[in-house]
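Let me begin by presenting the structure, written as structure tokens, before commenting on it.
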Amino acid sequence: MLATASNSEKNLRAQKPKWLRSQIPGGQAYAKVKSIVRKHELHTVCESATCPNLGECWSRGTATFMILGNICTRGCRFCDVPKGKPIEYDRDEPRRVADSAMKMGLKYAVITSVSRDDLPDQGAEVWAETLYEVRNQNPGIRIEALIPDMQAKPELLDIILTGKPDVLNHNFETVKRLQKSVRGRANFETSAFVLHYAKQKGFLTKTSFMLGLGEELFEVHEMLHECVKLGVDIVTFGQYLRPGVEHLPVERFWNPQEFSELKAFAHQLGIKHCESAPMVRSSYHAEEVTHELFNETNKTRP
């Protein structure tokens, strides 16, 4: 007798709209990136979080490095990164990330990490060392640091910021009402503090949102207004896609026109740069942020 698929499994396999198509991995550039990542025994959020853009980004010779291991201490219900009790972190990891960036010929590197609530410094020292090594081995490179909330501790954020990332990225992920159900231990107030603190220090700041988790348009507009208050420079919007049956279901698919209208609204409010489309992710095409943003910020940074 054949087993009947559960509602969750049916939801996961539901037909996606035609605008949700990702590139099939392949090509020389893809193979080169995969080889470098494997050889240096590194983690990427592209693989660990099951990013639908892996094929496109790796084929363009880019990847988002994920440091401090591959096991996260948080239990966010949208994310496919493994959760649990992490093992000891690898102190040679910063050097290997820097070496990989050099071998890939990166002009723009995106680095993120799992949350490490098990460590006294949340991994801040490893963050600073990685940023330093990447810049030291790759003169002229620009670096985007997509960081956890570090429990909103200024002393830990200061350690990371000594690495002088060109962009300090921290994601709200969703609207205020859904923070608890989507992000678990994370919350709006802590994330707002991180972005505000980095902006006060003179850094370009960035945040991202997933759509399709049950949010209403007015709530998304409210979050954009909050971003303006916090001085956030760059905002991205993308469609949430359910990684597995144990994750939150997709409540609805936002269409390309709706994403386009959100982008226009963000610019109308004064957000300097906004990427908004179904397949956009936090680090998607991050290197294409305009040079004007960097130049403007560098004039005011201490």
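The shown structure was predicted, so the numbers you read here are calculated from the model rather than taken from an experiment.
One distance of note links CD of E275 with OG of S208; it measures 10.0 Å at 0.5 Å rounding. The CD atom of Q257 lies 10.5 Å from the CG atom of L262; values are rounded to the nearest 0.5 Å. The distance from the CG atom of N255 to the CD atom of E261 is 8.0 Å, given to the nearest 0.5 Å. Separating the CD atom in E216 from the CZ atom in F218 is a distance of 6.0 Å, to the nearest 0.5 Å. Rounding to the nearest 0.5 angstrom, the gap separating the NZ atom in K272 from the NE2 atom in H267 is 12.0 Å. Atom CG of residue D117 and atom CE of residue M150 lie 9.0 Å apart, to the nearest 0.5 angstrom.
For the pair L248 and S181, the tightest heavy-atom approach, listed with the atom from each and the gap, is CD1-O, 3.9 Å. Of all non-hydrogen atoms in S115 and C72, the two that sit nearest each other are N-SG, 3.4 Å. Taking each heavy atom of K206 and V167 in turn, the nearest pair found is CB-CG1, 3.8 Å. Taking every heavy atom of both residues into account, I143 and V134 meet most closely at CD1-CG1, 3.8 Å. Here the closest non-hydrogen pair linking A192 and F172 is N-CE2, 3.7 Å. For T207 against N171, the heavy-atom pair with the smallest separation is OG1-CA, 3.4 Å.
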Note to self: Applying side-chain contact (heavy atoms from CB on, under 4.5 Å) to E215 and L178, what does each step give before you reach the verdict?
What the structure shows: CA-CA 7 Å; E215 67 288 326; L178 298 176; 4.2 Å; yes
Next item on the list: Report the C-alpha separation of W127 and I111 in whole Å, then their side-chain angles, then the decisive distance to 0.1 Å, and conclude whether the side-chain contact (heavy atoms from CB on, under 4.5 Å) test is met.
Entry: CA-CA 9 Å; W127 259 106; I111 303 170; 3.8 Å; yes
Checklist line | Test side-chain contact (heavy atoms from CB on, under 4.5 Å) applied to Q151 and L156, step by step | finding: CA-CA 9 Å; Q151 297 182 2; L156 300 185; 5.9 Å; no
Next item on the list: Check step by step if side-chain contact (heavy atoms from CB on, under 4.5 Å) holds for L204 and D166.
Entry: CA-CA 7 Å; L204 271 174; D166 294 283; 5.9 Å; no
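No side-chain heavy atom of M223 sits under 4.5 Å from any side-chain heavy atom of V220. Counting heavy atoms from C-beta outward, L211 and F259 have side chains that approach closer than 4.5 Å. No side-chain heavy atom of S276 sits under 4.5 Å from any side-chain heavy atom of F265. Residues Q239 and V250 meet the side-chain proximity criterion, which asks for heavy atoms closer than 4.5 Å. Within the 4.5 Å cutoff, no side-chain heavy atoms of E258 are placed close to those of L217. You'll find the side chain of R96 stays beyond 4.5 Å of the side chain of D99, heavy atoms only. Proximity of H196 to K229: side-chain heavy atoms (C-beta onward) are nowhere separated by under 4.5 Å. Using a 4.5 Å heavy-atom cutoff, the side chains of L106 and N138 are not in contact.
Using a 4.0 Å cut-off between a side-chain N of Lys or Arg and a carboxylate O of Asp or Glu, D233 and K199 qualify as a salt bridge. Note on E222 versus R177: no salt bridge recorded, every NZ/NE/NH1/NH2 to OD/OE distance being 4.0 Å or above. Salt-bridge annotation for R74 and D149: present, with a side-chain N of the basic residue lying under 4.0 Å from a carboxylate O of the acidic one.
Put simply, V175 and F253 are part of the same group of oily side chains (I, L, V, M, F, W, Y) that touch within less than 4.5 Å, one to the next. When the side chains of ILVMFWY residues are joined at heavy-atom separations under 4.5 Å, either directly or via intervening members, L131 and L119 end up in a single hydrophobic cluster. Residues I71 and I67 do not share a hydrophobic cluster, defined by chaining ILVMFWY side chains whose heavy atoms lie under 4.5 Å apart.
At distances below 3.5 Å, at least one donor-acceptor pair connects side-chain atoms of R135 with backbone N or O atoms of I141. Proximity of a side-chain donor or acceptor of E173 to a complementary backbone N or O of Q179 within less than 3.5 Å is not detected. A donor-acceptor pair under 3.5 Å is formed between the side chain of H170 and the backbone N or O of I147.
For the residue pair S191/R183, the side-chain donor-acceptor check at 3.5 Å is satisfied.
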